[in-house]
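Notes to accompany the following structure.
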Amino acid sequence: MIIRLFQKADIICGCLTCQVFSMAGFRADDDPRNQLFREFVDIVKRVNPKVIVFENVEGLLSYQAGKTYREVHQLFSELGYNTEGRTLTATKRLFPFL
């Protein structure tokens, strides 16, 4: 139902639950939330927007020695997207949730 509503979206933004990747968390390999990025990839595949924005915490870079981070890039690349990762300092960007 939701996919049908957004079939013509030009941009999709998404993020994961940060607790599983945060360096302040437990980072349990068996936590099913570790795989939620696959759901976002599936939505992007169905909708096929022009642009995607995928956000998470810096700990994603080091989780499982970067394996998950590289896999996220690979999956979006396989869908035809050029990917780029950046670390942004939220306090320097004046994000309202801080």
Side-chain angles (χ1 to χ4, degrees):
M1 173 74 173
I2 292 175
I3 300 297
R4 199 173 326 134
L5 291 173
F6 296 104
Q7 283 182 335
K8 297 183 185 218
D10 288 335
I11 185 169
I12 295 179
C13 300
C15 65
L16 296 177
T17 177
C18 64
Q19 293 88 342
V20 296
F21 301 115
S22 173
M23 290 179 271
F26 293 111
R27 303 180 99 185
D29 290 340
D30 61 345
D31 189 324
R33 297 175 295 177
N34 294 342
Q35 300 300 313
L36 285 175
F37 69 90
R38 295 177 190 286
E39 299 296 325
F40 184 66
V41 171
D42 185 54
I43 291 169
V44 168
K45 183 177 181 179
R46 291 182 188 195
V47 176
N48 194 30
K50 295 175 185 173
V51 176
I52 57 173
V53 177
F54 185 72
E55 177 272 334
N56 205 263
V57 294
E58 187 176 6
L60 179 63
L61 300 171
S62 61
Y63 179 75
Q64 293 184 335
K67 178 184 172 198
T68 303
Y69 178 74
R70 289 188 302 275
E71 187 174 5
V72 168
H73 278 277
Q74 180 64 36
L75 290 170
F76 287 129
S77 293
E78 289 173 3
L79 295 178
Y81 292 95
N82 295 320
T83 64
E84 178 183 336
R86 292 185 182 185
T87 301
L88 302 176
T89 304
T91 56
K92 292 182 180 178
R93 305 284 187 261
L94 300 175
F95 286 113
F97 57 84
L98 293 176

Distance in Å, Asn48 CG paired with Lys8 NZ, rounded so as to fall on 0.5 Å steps: 12.5 Å
N/O donor-acceptor pair under 3.5 Å between Asn34 side chain and Asp29 backbone: yes
Side-chain heavy-atom pair Phe21, Thr68 within 4.5 angstrom cut-off: yes
Distance (rounded to the nearest 0.5 Å) between Leu75 CG and Phe54 CZ: 10.0 Å
CD/Glu58: more than 12 non-hydrogen atoms of other groups inside 6.0 Å: no
Nearest heavy atoms of Val53 and Phe40, plus distance in Å: O-CZ, 4.0 Å
Which atom of Val44 lies closest to which atom of Phe76, heavy atoms considered: CG2-CE2, 4.0 Å
Distance, nearest 0.5 Å, that separates CD1 of Ile52 from CD1 of Ile43: 11.5 Å
Nearest heavy atoms of Tyr69 and Leu61, plus distance in Å: CE1-CD2, 3.3 Å
Main-chain N/O of Leu16 paired to Arg33 side chain as donor or acceptor, under 3.5 Å: no
Heavy-atom pair with the smallest gap, counting every atom of Ser77 and Thr83: OG-OG1, 3.9 Å
Nearest-0.5 Å distance that lies between atom CD in Glu55 and atom CG in Leu60: 10.0 Å
SB check Glu71 Arg38 (cutoff 4.0 Å): yes
Short side-chain to backbone donor-acceptor contact, Arg27 and Gly59, under 3.5 Å: yes
